[in-house]
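A short write-up of the structure that comes next.
It should be emphasised that the depicted structure is a prediction, and the values quoted were computed from it without experimental measurement. Note that these values count all heavy atoms, side chains included, but never hydrogens, waters or copies made by symmetry. Each chain gets a letter, A, B and so on, in the order its sequence line appears, and its residues count up from 1.
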Protein chains: 4
Amino acid sequence: MDGTKRQRRGNTRQRIQDVALALFAEQGYEKTSLREIAERLDVTKAALYYHFKTKEEILVSIFEDLSRPIDELIEWGKAQPRTRDTKREVLRRYGDALTGAAPLFRFMQENQATIRELSIGNRFKDRMLQMRDIIRDPDASLTDQVRCVSALFTMHAGMFALQDVEGDPEDKRKAVLEVAIDLVTQAHAGPSPAANA
Amino acid sequence: MDGTKRQRRGNTRQRIQDVALALFAEQGYEKTSLREIAERLDVTKAALYYHFKTKEEILVSIFEDLSRPIDELIEWGKAQPRTRDTKREVLRRYGDALTGAAPLFRFMQENQATIRELSIGNRFKDRMLQMRDIIRDPDASLTDQVRCVSALFTMHAGMFALQDVEGDPEDKRKAVLEVAIDLVTQAHAGPSPAANA
Amino acid sequence: MDGTKRQRRGNTRQRIQDVALALFAEQGYEKTSLREIAERLDVTKAALYYHFKTKEEILVSIFEDLSRPIDELIEWGKAQPRTRDTKREVLRRYGDALTGAAPLFRFMQENQATIRELSIGNRFKDRMLQMRDIIRDPDASLTDQVRCVSALFTMHAGMFALQDVEGDPEDKRKAVLEVAIDLVTQAHAGPSPAANA
Amino acid sequence: MDGTKRQRRGNTRQRIQDVALALFAEQGYEKTSLREIAERLDVTKAALYYHFKTKEEILVSIFEDLSRPIDELIEWGKAQPRTRDTKREVLRRYGDALTGAAPLFRFMQENQATIRELSIGNRFKDRMLQMRDIIRDPDASLTDQVRCVSALFTMHAGMFALQDVEGDPEDKRKAVLEVAIDLVTQAHAGPSPAANA
DNA sequence: CATGAATGAGCTTTCATTCAT
DNA sequence: GATGAATGAAAGCTCATTCAT
């Protein structure tokens with residue numbers, strides 16, 4: 001009638017997820033109450049329970065929806081030969097996936113302690129380990145394995161720890177990717193002569 | 001008389017900090033209640049309040065005590081010339097500092113969302129930025145700046161993300177340090193030809 | 001089904017206010033705990049918080065509901081000419097208003113120290129000052145101003161300090177009103193020759 | 001050695017009473033914690049317990065010390081003949097007593113609900129009733145009895161409700177006393193023709 | 001004459017969750 | 001597809017009080 005509730009029908013589930021993720025990412029999972037989510041949506045707490053069985057289920061559903069690109073990347077990566085170029089492509093695609101689900105990843109990164117006790121904790125960890133196993137040579141030296149983990153963390157760090165650094169976001173993205181690819185490349189190249197300096 | 005309360009006098013404050021840090025690191029700050037801390041120590045909640053004014057103050061006091069080595073490192077680092085060798089030494093010392101305060105750093109890493117709203121949030125961020133500014137060349141390329149941040153994150157990641165990786169802890173420590181030093185070295189060397197491959 | 005919870009739906013808010021006021025007036029605001037209010041109503045403490053945001057809000061809501069007659073009296077009084085007859089009528093109406101909200105006024109009187117720090121503290125004081133300004137001649141002698149304040153206090157005192165005095169309540173009411181009106185009358189009459197005796 | 005604790009020996013009991021009364025009068029009895037009193041005195045809570053057995057005992061001791069003038073006045077009053085001049089003198093002396101123990105009386109007035117449950121509650125009430133019985137004619141009309149109570153309340157009101165009124169404090173004191181004496185005088189004069197207007 | 005350390009009881013408030021309508 | 005009303009559990013915190021030293 002007055003447009004206030006326009007766009008409101010049928011997509012409440014989606015709107016709950018959006019608001020919840022925004023608040024979870026901003027304040028953390030524990031500090032975000034269902035009351036707060038409901039208030040922002042101008043519905044009652046009970047309405048949330050019509051759409052989701054528990055608070056945790058809201059988070060799980062968000063995770064499932066947004067982490068699908070990563071799943072697909074993992075699946076794709078596993079099917080490829082373990083060449084240097086594959087790894088580079090994996091990192092490129094990983095960068096895209098992270099960008100697409102930035103708030104979720106920011107949330108996962110900043111709420112590890114909380115998430116560990118939740119059902120998605122292990123699932124997230126599994127994905128990370130699978131990513132790691134795609135870009136590292138299983139029999140490589142410890143140092144090279146570290147380089148791979150480091151490449152992954154560099155991508156994450158780049159997403160969040162560089163937010164307050166001057167410079168064009170796109171340039172930063174590129175620089176981060178470059179460093180990550182470098183790391184994998186060096187890992188692939190075997191014992192780096194530079195490290196012996 | 002029965003030894004149960006032996007060692008109880010005069011060090012309660014310290015014991016609170018120890019138990020609190022262990023629980024904070026294990027379960028997160030929010031999920032750890034004062035009741036839980038008190039129970040583990042076999043004292044009442046009110047006893048905690050005799051030693052600390054608030055829950056947050058417990059955390060702050062732990063942070064202050066354990067992060068002193070980092071403060072000293074920062075002070076030392078700022079007084080040194082910005083040579084490659086200085087940076088390597090900084091990373092080495094940083095590794096030691098992290099090892100000495102591992103639970104605290106694990107906690108800070110895994111509870112960022114929570115900590116952001118606490119008084120130590122900014123203090124921690126400041127320290128990280130100061131560390132970054134010690135090992136990066138302020139006018140270097142974006143890529144090289146990323147390498148520096150990455151070196152720092154590699155050290156952190158190495159402390160925690162490698163816990164479930166096979167191998168001798170001491171070897172892992174060395175590998176992590178090597179990769180971090182490599183990154184800083186490359187940043188120092190200027191445009192890396194390897195990155196252009 | 002068993003009648004125990006009969007009359008329970010839809011009027012809980014009102015019942016909370018009733019019980020709260022009774023307890024506040026009997027024991028004071030601080031000494032009355034939400035547990036006590038909840039127990040008397042046979043609901044949980046949390047139920048109180050469904051209807052009121054804080055303990056203070058319960059008191060505020062009571063104050064707002066019950067002090068409306070006084071507000072209306074003040075409004076009416078301000079619109080009248082400042083004649084002796086107006087003042088007498090004001091006191092008569094004030095007596096009615098006090099009787100209608102006796103427990104609230106008894107509470108306000110006996111918990112001044114507490115109320116001063118609460119949000120209604122100033123609002124109450126304002127009302128009293130406005131009442132005073134309605135019945136006193138602004139440029140009258142100090143003595144006559146005191147007479148006016150005294151008239152008001154006499155009404156209050158009459159409500160509560162005479163409770164344990166023998167005599168028919170209605171007679172007491174009349175006597176109190178008479179003395180108060182006398183005071184205002186004398187104030188209106190200007191310098192009283194009786195006072196010089 | 002440094003004078004900080006000078007004047008500190010032997011009068012701690014007195015200092016506790018002073019600070020306690022100031023805080024009780026300012027914030028109320030319940031809102032004033034022993035911690036607060038101790039902090040203001042720069043001693044520990046336990047020290048208070050060396051001087052007084054309970055919180056209530058601090059109040060009782062203050063009451064006993066400061067209300068002695070009223071006791072003496074009551075004793076004196078009872079021994080006098082019930083003439084009009086006696087009553088006037090009683091009111092005059094009562095004014096002096098009130099002035100001398102203003103914070104205590106302010107406290108008693110503003111914390112009635114609290115005090116009612118304390119041991120001094122009845123004692124205070126008794127004193128008030130005795131005062132009343134000294135200045136009222138026991139067989140007078142209800143109206144005249146109200147005048148007497150009103151005279152007493154006028155004295156109290158004058159002490160506190162006139163604080164924010166413009167004018168010299170001494171003038172206000174006199175005006176209050178004048179009105180109170182007037183009231184008693186009228187009560188003494190029997191049926192007032194003025195009241196029949 | 002006082003402190004340091006602690007307790008037990010209680011407080012206000014918040015939360016995730018439920019369910020009849 | 002949602003609301004109104006409520007609950008049980010727990011949280012952080014404060015208080016008056018105690019007692020060995």
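Atom CG in C:Leu41 sits roughly 13 Å away from atom C1' in F:dA6 (whole-Å rounding). Note: CG (C:Leu48) to P (E:dT12) measures 10 Å, nearest angstrom. Atom CD1 of C:Ile37 is separated from atom C1' of E:dT13 by 14 Å (rounded to the nearest Å). Computed from coordinates, the A:Leu34 CG to F:dA2 C1' distance equals 16 Å when rounded to whole Å. One can place CZ of B:Arg35 at 19 Å from P of F:dT14, the figure rounded to the nearest angstrom. At whole-Å resolution of the value, CD in C:Glu30 and P in F:dT14 are 15 Å apart. The CD-C1' distance, from A:Glu57 to E:dA16, rounds to 14 Å in whole Å. Rounded to an integer number of Å, the gap from OH of A:Tyr29 to P of E:dC15 is 13 Å.
Side-chain contact annotation: D:Glu56 with D:Ser119, donor-acceptor N/O pair under 3.5 Å present. Side-chain polar atoms of C:Gln17 and C:Ser61 form a donor-acceptor pair below 3.5 angstrom.
The environment of CZ in D:Arg116 is crowded: more than 12 heavy-atom neighbours from other residues, nucleotides or ligands sit within 6.0 Å.
Base-pair partner of E:dT14: F:dA9 (Watson-Crick or G-U wobble, both distances under 3.5 Å). The partner of E:dT21 is F:dA2, by the rule that a Watson-Crick or G-U pair needs both atom distances under 3.5 Å.
Between C:Arg123 and C:Glu64 a salt bridge is recorded (basic side-chain N to carboxylate O distance below 4.0 Å). Using a 4.0 Å cut-off between charged nitrogen and carboxylate oxygen, C:Glu39 and C:Arg35 count as a salt-bridge pair.
Both A:Ala46 and A:Ser33 lie close to DNA chain E; mapped to their nearest nucleotides by heavy-atom distance, the more 5′-ward contact belongs to A:Ser33. Nearest-nucleotide mapping onto DNA chain F: of C:Thr44 and B:Thr54, the residue sitting toward the 5' end is C:Thr44.
The phosphate of F:dT14 (OP1 or OP2) has no side-chain N or O of B:Tyr49 nearer than 4.0 angstrom. One finds a side-chain N or O of D:Thr12 lying less than 4.0 angstrom from the OP1 or OP2 phosphate oxygen of E:dA2. Using a 4.0 Å cut-off, some side-chain N or O of A:His51 falls inside it from OP1 or OP2 of F:dA2.
With distances taken from any side-chain atom of C:Lys45 to the nucleotides F:dG8, E:dT12, E:dC11, the minimum falls on E:dT12. Comparing F:dA5, E:dC1, F:dA16 by their closest approach to the side chain of D:Tyr50 singles out E:dC1.
Donor-acceptor pairing under 3.5 Å, judged by distance alone, is absent between the side chain of D:Lys55 and the base of F:dT17.
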